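First comes the structure, then the notes that go with it.
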Amino acid sequence: MNCKETNKYLAEYASGPEEGNLRAEIAAHLKTCSKCSGEYKEICLIIKTAGSLKTKNPGKDFWEGYLPALRKKMENKKPGLIKRIAATVSVAVLALFSVALLSSPLILTGKTQKSDRLVTEDEKAMLEGIEEHYDEYADALYGD
Amino acid sequence: MTEDVRLIEEFLQGSETAFNRLVNKYSKKVYYLALRLLCNHHDAEEASQEAFLKAYGSLKKLKEKKYFFTWLYRITYNVCMTQKTRVKYADSLDLAAEVRDLRAGYHIERIEREELRGRVKALMEKLPKQQKAVFIMRIYDGMKFEEIAGVTGLSTGGVKSNFFNAVQKIKSGVKDQYEL
């Protein structure tokens with residue numbers, strides 16, 4: 001293994017044991033190369049220093065109150081009694097409205113507003129005109 | 001059957017106590033991951049509880065129950081990745097307390113070491129989120145690269161690359177100051 005390849009794996013090598021056969025090759029290279037060995041020591045110092053940084057413990061009170069606080073949040077997420085009643089009423093009203101709409105005479109008879117629409121005065125006049133001059137139109141179109 | 005699988009089965013049959021036991025078992029791990037990622041206590045508390053709330057709501061969808069912890073860690077990771085931090089570079093690591101402890105036995109070498117720790121801490125907090133997450137899971141949780149890939153959704157190669165870059169950035173930052 002050369003220096004370039006070794007450098008590529010130094011960080012993961014320094015961070016702890018991992019399965020793979022590269023470890024032996026890296027270890028062998030580090031024994032013979034002072035440059036890579038120096039690089040390895042620097043990385044080890046960084047990892048060791050980072051690993052030694054302690055995390056703040058929030059304290060006994062925090063941990064004792066953690067589960068109750070979580071449970072409280074869970075309860076708040078559940079809909080309350082009033083919300084549940086309101087939701088039930090809304091669904092019932094919607095269902096009643098749907099039933100009323102579906103059972104209206106308009107829908108049951110299949111009649112639409114358009115089919116019941118009265119003929120306008122203009123349309124009436126036009127139809128009368130056609131009737132009046134029907135024979136003339138027919139003659140013009142089909143002849144004898 | 002592992003303890004986690006048994007507790008999950010009990011929870012799915014209606015036992016809230018079983019879920020409480022899962023919370024008690026993993027709350028510290030989840031909280032400390034969030035704390036290291038978000039760098040302040042309040043955000044970490046919020047994020048860790050949000051993770052448990054999400055887990056509570058979707059535990060029945062978890063197919064491989066033996067991987068509960070990895071799944072929970074992934075939820076925590078995702079919550080932290082999407083959460084905006086309220087305080088930047090805050091106080092996740094108790095450096096001040098450690099320096100106070102040193103005053104009793106003043107020693108120049110140890111003070112320098114504390115400076116180095118402070119520098120590493122600052123550089124760690126400035127890492128891009130994904131690199132920071134990978135670095136934290138590797139260094140503090142001792143997770144394998146494959147396990148980190150399972151949590152983050154990255155490939156194993158992607159995890160190794162993020163780890164390599166994180167180490168290089170911290171090393172370069174320290175080198176600039178200390179001429180390592």
Side-chain angles (χ1 to χ4, degrees), chain A residues 1 3-23 26 30 34-79, chain B residues 16 19-21 23-24 27-28 31-33 35-36 40-41 44-46 48-50 52-53 56-57 90-98 113 116-121 123-124 135-136 138-140 142-146 159-161 163-171 173-175 178 180:
Chain A
M1 189 175 267
C3 293
K4 197 180 172 187
E5 284 174 316
T6 304
N7 261 288
K8 195 175 153 191
Y9 296 110
L10 270 187
E12 55 184 282
Y13 177 79
S15 69
E18 274 284 318
E19 286 167 18
N21 50 10
L22 283 173
R23 292 193 69 81
I26 294 168
L30 290 178
S34 60
K35 193 184 167 199
C36 288
S37 179
E39 182 79 9
Y40 173 66
K41 280 176 188 167
E42 287 176 11
I43 291 173
C44 282
L45 177 64
I46 296 301
I47 289 174
K48 196 180 166 189
T49 306
S52 72
L53 293 171
K54 288 177 190 168
T55 314
K56 259 187 182 176
N57 188 337
K60 196 181 163 193
D61 289 347
F62 172 78
W63 291 118
E64 282 177 357
Y66 190 87
L67 184 60
L70 179 64
R71 281 286 168 193
K72 201 176 172 185
K73 279 187 182 176
M74 284 173 176
E75 284 302 313
N76 289 341
K77 276 217 164 184
K78 283 181 188 171
Chain B
E16 292 292 318
F19 190 80
N20 288 351
R21 289 184 66 186
V23 173
N24 286 333
S27 54
K28 285 190 179 176
Y31 168 81
Y32 282 122
L33 174 66
L35 182 63
R36 285 184 171 119
N40 78 79
H41 168 71
E45 183 183 7
E46 283 289 318
S48 66
Q49 296 210 333
E50 181 65 27
F52 278 116
L53 282 172
Y56 183 83
D91 52 359
S92 62
L93 301 164
D94 201 0
L95 215 63
E98 288 176 13
R113 203 183 303 163
L116 174 65
R117 285 153 67 91
R119 183 76 182 144
V120 169
K121 172 185 174 283
L123 290 163
M124 259 174 66
F135 187 80
I136 284 165
R138 179 69 178 163
I139 299 299
Y140 296 100
M143 289 169 77
K144 290 181 176 177
F145 291 111
E146 284 81 3
V159 170
K160 287 181 179 180
S161 170
F163 183 72
F164 174 85
N165 288 330
V167 171
Q168 288 303 322
K169 275 183 191 166
I170 297 173
K171 191 163 79 71
V174 170
K175 224 168 179 174
Y178 291 97
L180 267 176

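Note on naming: letters A, B, ... go to the chains in the order of the sequence lines (proteins, then strands), and numbering restarts at 1 for each one. This is a predicted model, so every value here is computed, not measured. Quick note: numbers below take in every heavy atom, side chains included, and nothing from hydrogens, waters or symmetry partners.
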With no hydrogens and no angle check, do the side chains of S48(B) and Y66(A) hold a donor and an acceptor under 3.5 Å apart? yes

When you measure from the side chain of R138(B) to the backbone of G16(A), do you find a donor-acceptor pair of N or O atoms at a distance under 3.5 Å? yes

Counting heavy-atom pairs under 4.5 Å to chain A, which of L123(B), N24(B), L53(B), I136(B) comes out on top? L53(B)

Of the backbone (N, CA, C, O) and the side chain (C-beta and beyond), which part of Y32(B) lies under 4.5 Å from a heavy atom of chain A, both, or neither? side chain

Quick check on Y9(A) against chain B: is it the side chain, the backbone, both or neither that has a heavy atom closer than 4.5 Å? neither

Y13(A) and K8(A), any side-chain heavy atoms less than 4.5 Å apart: no

Do the charged groups of E39(A) and K171(B) touch, with an N to O distance under 4.0 Å? yes

Just so I know, are the side chains of K121(B) and T49(A) near enough to count as touching, which here means a heavy-atom distance under 4.5 Å? no

For chain B, find which of A50(A), G51(A), G38(A) contributes the most heavy-atom pairs closer than 4.5 angstrom. A50(A)

Is S161(B) close to chain A through its backbone or its side chain, or both, or neither, when contacts mean heavy atoms under 4.5 Å? neither

With a 4.5 Å limit on heavy-atom distance, are the side chains of E45(B) and H41(B) in contact? yes

Heavy-atom proximity to chain A below 4.5 Å, by part of F135(B): side chain

Honestly, the part of A14(A) sitting under 4.5 Å from a heavy atom of chain B is neither

